[in-house]
Amino acid sequence: EDKVVQSPLSLVVHEGDTVTLNCSYEVTNFRSLLWYKQEKKAPTFLFMLTSSGIEKKSGRLSSILDKKELFSILNITATQTGDSAIYLCAVRKTGTASKLTFGTGTRLQVTL
Amino acid sequence: NAGVMQNPRHLVRRRGQEARLRCSPMKGHSHVYWYRQLPEEGLKFMVYLQKENIIDESGMPKERFSAEFPKEGPSILRIQQVVRGDSAAYFCASSYDAATNEKLFFGSGTQLSVL
């Protein structure tokens, strides 16, 4: 059975800290890994990774994929209270259209 | 440039009633996906539809659940004779083309509460 495991389950940091969120996966026929940010509403897309070793960056957020060790990390530098959310990792397999297998998420709380 | 629209945002039903959840995909998107999120769990795939066709329903419970995406109008997820265990957030997502666009755009979800 396909598995996506995220750690830690939850995290509380102070504004300005740097955090690293982890996502490991066990799927056959891996195609891509996606990160989403979920606040109180719709999950919003952050990154899609398909190749190992290529870092994707967007402002203070960055992510990288290791297809050999089957994991990805999401880094957030200089955290702000607006970064408080659940961060979801999902994996897509080949031949499954856009069906995604999600992890349970990491709940991040950034305090003043 | 509206995103994926879901309604209602909240739906309360008593056990045994029917629940109908609606989803209008982003403009130009013809692929719709339904996911369910239980408390403290990740999103679980339910069904993938294109206009008038169910492509993959491997995540749908065998009974009481059905989905459609008619030629005109929104996609509908229907749950008949709801039970307390159906209480969850139901998210709809859409994409332009399943083959070339892997990024799903999600709606804000419908929170179903079964009393």
Side-chain angles (χ1 to χ4, degrees), chain A residues 1-10 21-51 56 58 63 65 72 74 85-107, chain B residues 2-10 23-26 29-51 53-60 67 69 88-111:
Chain A
E1 186 181 331
D2 299 332
K3 282 185 0 180
V4 178
V5 179
Q6 292 186 246
S7 64
L9 290 180
S10 65
L21 309 183
N22 304 291
C23 175
S24 63
Y25 61 91
E26 290 178 31
V27 299
T28 53
N29 304 317
F30 172 88
R31 175 164 176 166
S32 57
L33 184 144
L34 295 88
W35 285 96
Y36 284 84
K37 177 183 181 181
Q38 185 179 25
E39 296 171 90
K40 290 188 177 176
K41 310 186 278 189
T44 52
F45 172 81
L46 294 175
F47 298 111
M48 182 173 73
L49 303 134
T50 55
S51 302
K56 294 276 184 108
S58 176
S63 183
L65 173 68
S72 174
L74 175 68
I86 297 173
Y87 290 84
L88 299 169
C89 172
V91 171
R92 178 183 165 177
K93 300 164 62 166
T94 57
T96 59
S98 283
K99 183 168 92 174
L100 300 175
T101 301
F102 281 85
T104 54
T106 292
R107 184 182 297 271
Chain B
V4 178
M5 304 299 291
Q6 289 188 249
N7 68 82
R9 290 295 305 277
H10 297 92
C23 169
S24 296
M26 284 181 70
H29 285 192
S30 59
H31 300 254
V32 165
Y33 312 80
W34 286 93
Y35 284 79
R36 176 165 62 176
Q37 187 175 37
L38 294 167
E40 306 305 319
E41 292 190 18
L43 286 90
K44 304 286 188 193
F45 169 80
M46 298 182 75
V47 62
Y48 160 43
L49 310 103
Q50 292 180 30
K51 283 285 187 182
N53 290 304
I54 296 174
I55 308 301
D56 181 350
E57 57 182 346
S58 58
M60 287 277 270
F69 188 17
Y90 291 83
F91 288 92
C92 170
S94 73
S95 67
Y96 172 71
D97 181 309
T100 60
N101 186 345
E102 300 182 19
K103 290 180 282 186
L104 299 189
F105 295 88
F106 282 85
S108 297
T110 293
Q111 181 64 51

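Throughout, protein chains are lettered first and strands after them, A, B, ... in sequence-line order, and every chain is numbered starting at 1. What you see below is based on every heavy atom in this structure, not just the backbone, and it leaves out hydrogens, waters and symmetry mates.
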If you draw a 6.0 Å radius around [atom1] in [X], do more than 12 non-hydrogen atoms from other residues or ligands fall strictly inside?
X	atom1	result
B/M60	CE	yes
A/E26	CD	no
A/K3	NZ	no

Out of curiosity, B/F106 CZ to A/L88 CG, how far, rounded to the nearest 0.5 Å?
->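 Here the interatomic distance stands at 8.5 Å.
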Atom pair OG1/CG of A/T104 and B/L43 - distance to nearest 0.5 Å =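 CG of B/L43 is found 11.0 Å from OG1 of A/T104.
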For A/Q6, is it the side chain, the backbone, both or neither that has a heavy atom under 4.5 Å from a heavy atom of chain B?
-> neither
Tell me the closest heavy-atom pair linking [X] and [Y], and the distance in Å.
X	Y	value
A/Q38	B/F91	NE2-CZ, 3.3 Å
B/G107	A/P43	O-CD, 4.1 Å
B/Y33	A/K99	CE2-N, 4.5 Å

Considering only heavy atoms, which portion of B/Q111 lies under 4.5 Å from any heavy atom of chain A: side chain, backbone, both, or neither?
-> neither
